[in-house]
Amino acid sequence: MDRERQLIAEDLRGLVAGDVLCDDASRALYATDASLFEIWPLVIVRPRSVDDVAATVRFAAERGIPVTPRGGGSGLAGDALGRGIVVDTSRFMRRIIHTTATRVRVQPGVVAAQLDEHLARLGRMFGPDPGNAAVTTIGGMIGRNASGSRFARHGAIRDRVAAVQGVLADGSVMELVPTAAGGTGTPAEGGQARLAAGVAAILADARPVIARWQPADRPTHGGYRLDDLERDGLVDLPRLLCGAAGTLAIVTEATLETSPADGGRAVALVLFDSLEKAADAALRLASLGPSACDLFDKRHLALARGAKVTFDLLIPPAADAGLLVEFTGETPAECRARLDDALARLGGVKRLCLDIRRAEDDHDATLFWELSRQVVSTLHGVRGTSRPVPFVEDVVLPPARLPDFLRRLQDVLKDQAATALVFGHALQGQVHIRPYAEPRHPDERVRLERLAESIYADVVALGGTLGGEQGLGLSRTAFFGRFFPDLSAVFSRVKDLFDPRGTLNPGRIVAAVELAAVTEAFRGSLEPARPADPRMAAPALPVLTWPAASLAAEVDACNGCGACRTLGP
């Protein structure tokens, strides 16, 4: 073991009550997440308390070591990877602290599904619903400003955050709440007034840039959302942390607003012979207020048919696209009536729909939702060197421009002889694009960069932006700086205000390296090392014998869905 790393780990063990890991096996586990990247950390700390987090950050700041917070590791843009100290809050900091009639206080390691189950027993709900709720942590949701399929109904997590306890870049602990910018910044105020005043000054200087590149009617999630931070004379610091990917503070507790649980839902799967028709249908439904309207392409539907016999019977091979439409409300009858209106509207347009599959009961509705909820895990069925990979992944368009973008996307893919899987939330114009590629091959890395550049150029030309549900991360930060240099410069000022030394999660949101250096961090070859002793080539028990090629293929089949981390039954 590296002597310097061992000394750092020993020093940290004297400062924190939680686990400190620096062996190669542990570092290998934390070197990857659900993204394409592989970055080996120096040390992993699994804190038991806010004091452990604060002590770790103080230690790192004094020595110039970067700190990366990590939740479930299911993010697709590489936010949870770092070369310094990785702080994993999902191991011990997962308590639901207290619950009131309208709010709940949680630690960052609480899993979204765990919170939903807790609130359901009280007749309440949280709202934002990531597709990977069984493993996605609240800390990770705040870092990405997660929303989910029901964004049109519930908004993103920044619309639900009332207060955040966080550890700042100097290791100080602060309870962040909406704060007046004109305070004195005394120790009793915890420095919040200083931060609020600094943010207010940046907003005042950059108002034209923010108005142009972060319009209020576009659901931007990734990066620092600056357009709606000032309300009633206060600067909403907790909202600023949503989407910040742990670059401004490490969340250690959060107070969240809750809502009454829905009394009913009605769901249908509408099938089409083209992706553009599906997007057009979503626009026709927008005025009816569906809670969700998820878009699938033909490759997504084909994978679903191959993964489950029920879907093979449900979805005809002729379907090139689908929409999952849901209405929620106070009673099942109300929801069914609203879905009737929606399906009548679509059925009244000649040659629009190929077929309609309506959920007859809650079991059917849950089955239909698997199409959205198991997008990543379904990719496990794609074997071979080329598969849909999360690099372009996440763009946001004005919803009215979505059909036009999908046509342009097909042109780009055709021009570059590329294939991609497309999935999205049509009501908010959010599209996930996974090109088929083998990113371990150097030539493929160049091809992915070129493809991303072309797709992003069309996104920006249509008034869209980069980084929706999955934020900017390593995948998109450098691209964001190219396409939005003025806004990126404003982001740099925000980062400097909170973290002038760049201790917290460097290289995210504010670019620290060029794109070429980013793609160099793609995962390397999985060719197994040959043992020096031939007798060690296979284990003694025949049942455990793995040919080298098939072992590498099985390891490579991990797609980062995080199902192995679930706390569910």
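Keep in mind that the numbers below use all heavy atoms, side chains included, and drop hydrogens, waters and symmetry copies.
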Return the [atom1] to [atom2] distance between [X] and [Y], rounded to the nearest 0.5 Å.
{"X": "Leu275", "Y": "Leu295", "atom1": "CG", "atom2": "CG", "value": "5.0 Å"}
{"X": "Phe272", "Y": "Leu352", "atom1": "CZ", "atom2": "CG", "value": "5.5 Å"}
{"X": "Leu367", "Y": "Asp361", "atom1": "CG", "atom2": "CG", "value": "10.0 Å"}
{"X": "Trp369", "Y": "Leu324", "atom1": "CH2", "atom2": "CG", "value": "5.0 Å"}
{"X": "Leu409", "Y": "Ile455", "atom1": "CG", "atom2": "CD1", "value": "5.5 Å"}
{"X": "Leu229", "Y": "Leu234", "atom1": "CG", "atom2": "CG", "value": "12.0 Å"}

Heavy-atom distance under 4.5 Å between the side chains of [X] and [Y], does that happen here?
{"X": "Ser454", "Y": "Gln416", "result": "yes"}
{"X": "Tyr224", "Y": "Val490", "result": "no"}
{"X": "Val161", "Y": "Leu241", "result": "no"}
{"X": "Arg265", "Y": "Thr328", "result": "yes"}
{"X": "Val235", "Y": "Leu240", "result": "no"}
{"X": "Pro108", "Y": "Thr137", "result": "no"}
{"X": "Arg124", "Y": "Val104", "result": "no"}
{"X": "Val251", "Y": "Pro69", "result": "no"}

Would Arg408 and Val459 count as a side chain to side chain contact (heavy atoms under 4.5 Å, CB included) here? Give the steps.
CA-CA 9 Å; Arg408 292 189 182 207; Val459 170; over 6 Å; no
Give a yes or no on whether [X] atom [atom1] has more than 12 heavy-atom contacts from other residues, nucleotides or ligands under 6.0 Å away.
{"X": "Glu330", "atom1": "CD", "result": "no"}
{"X": "Lys298", "atom1": "NZ", "result": "no"}
{"X": "Asp415", "atom1": "CG", "result": "yes"}

Hey, does the side chain of [X] reach the backbone of [Y] with a donor-acceptor pair shorter than 3.5 angstrom?
{"X": "Arg225", "Y": "Arg239", "value": "no"}
{"X": "Arg357", "Y": "Ala268", "value": "no"}
{"X": "Arg401", "Y": "Gly429", "value": "no"}
{"X": "His300", "Y": "Leu371", "value": "yes"}
{"X": "Thr477", "Y": "Leu474", "value": "no"}
{"X": "Lys277", "Y": "Leu354", "value": "no"}
{"X": "Asn505", "Y": "Gly246", "value": "no"}
{"X": "Asn145", "Y": "Gly243", "value": "no"}
{"X": "Thr258", "Y": "Thr102", "value": "yes"}
{"X": "Gln470", "Y": "Ala77", "value": "no"}

Mind listing the closest non-hydrogen atom pair of [X] and [Y] along with its distance?
{"X": "Glu469", "Y": "Asp394", "result": "N-OD2, 2.8 Å"}
{"X": "Asp280", "Y": "Pro403", "result": "N-CG, 4.1 Å"}
{"X": "Pro178", "Y": "Ala162", "result": "CD-O, 3.8 Å"}
{"X": "Pro128", "Y": "Ala146", "result": "CB-O, 4.0 Å"}
{"X": "Ala282", "Y": "Leu427", "result": "O-CD2, 4.0 Å"}
{"X": "Asn132", "Y": "Ser74", "result": "ND2-CB, 3.8 Å"}

- Check whether the side chains of Arg345 and Ser287 place a donor and an acceptor atom closer than 3.5 Å, and report yes or no.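 Per modelled atom types, Arg345 and Ser287 side chains form a pair under 3.5 Å.
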So, Glu393 and Ser475: side-chain donor and acceptor under 3.5 Å apart, yes or no?
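No, no side-chain donor-acceptor pair sits under 3.5 Å.
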From CA spacing to verdict: side chain to side chain contact (heavy atoms under 4.5 Å, CB included), Leu413, Leu451: CA-CA 8 Å; Leu413 294 173; Leu451 182 62; 4.1 Å; yes
Checklist entry - Stepwise, does the side-chain hydrogen bond (donor to acceptor under 3.5 Å, both in side chains) test hold for Thr68 with Arg508? => result CA-CA 10 Å; Thr68 299; Arg508 279 71 167 182; 4.9 Å; no
Consider salt bridge (charged side-chain N to carboxylate O under 4.0 Å, His left out). Of Asp499, Asp486, Asp205, which one does Arg493 pass it with?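 Passing option: Asp205.
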Quick one: are the ring centres of Phe491 and Phe484 less than 6.0 Å apart?
->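 They do not qualify: ring centres at least 6.0 Å apart.
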Salt-bridge criterion met for [X] and [Y] (N-O under 4.0 Å):
{"X": "Arg70", "Y": "Asp33", "result": "no"}
{"X": "Arg158", "Y": "Asp228", "result": "yes"}
{"X": "Arg153", "Y": "Glu326", "result": "no"}
{"X": "Arg358", "Y": "Asp340", "result": "yes"}

> Passes salt bridge (Lys or Arg N to Asp or Glu O under 4.0 Å), Glu453 versus Arg450? Steps please.
Replying inline: CA-CA 5 Å; Glu453 189 95 33; Arg450 188 167 61 246; over 6 Å; no
Pair Arg434, Phe423 - check side chain to side chain contact (heavy atoms under 4.5 Å, CB included), show working. CA-CA 9 Å; Arg434 285 191 170 221; Phe423 163 72; over 6 Å; no
* To do: Check the pair Leu303 / Phe311 against side chain to side chain contact (heavy atoms under 4.5 Å, CB included), numbers first and verdict last.
  => CA-CA 9 Å; Leu303 284 173; Phe311 286 134; over 6 Å; no
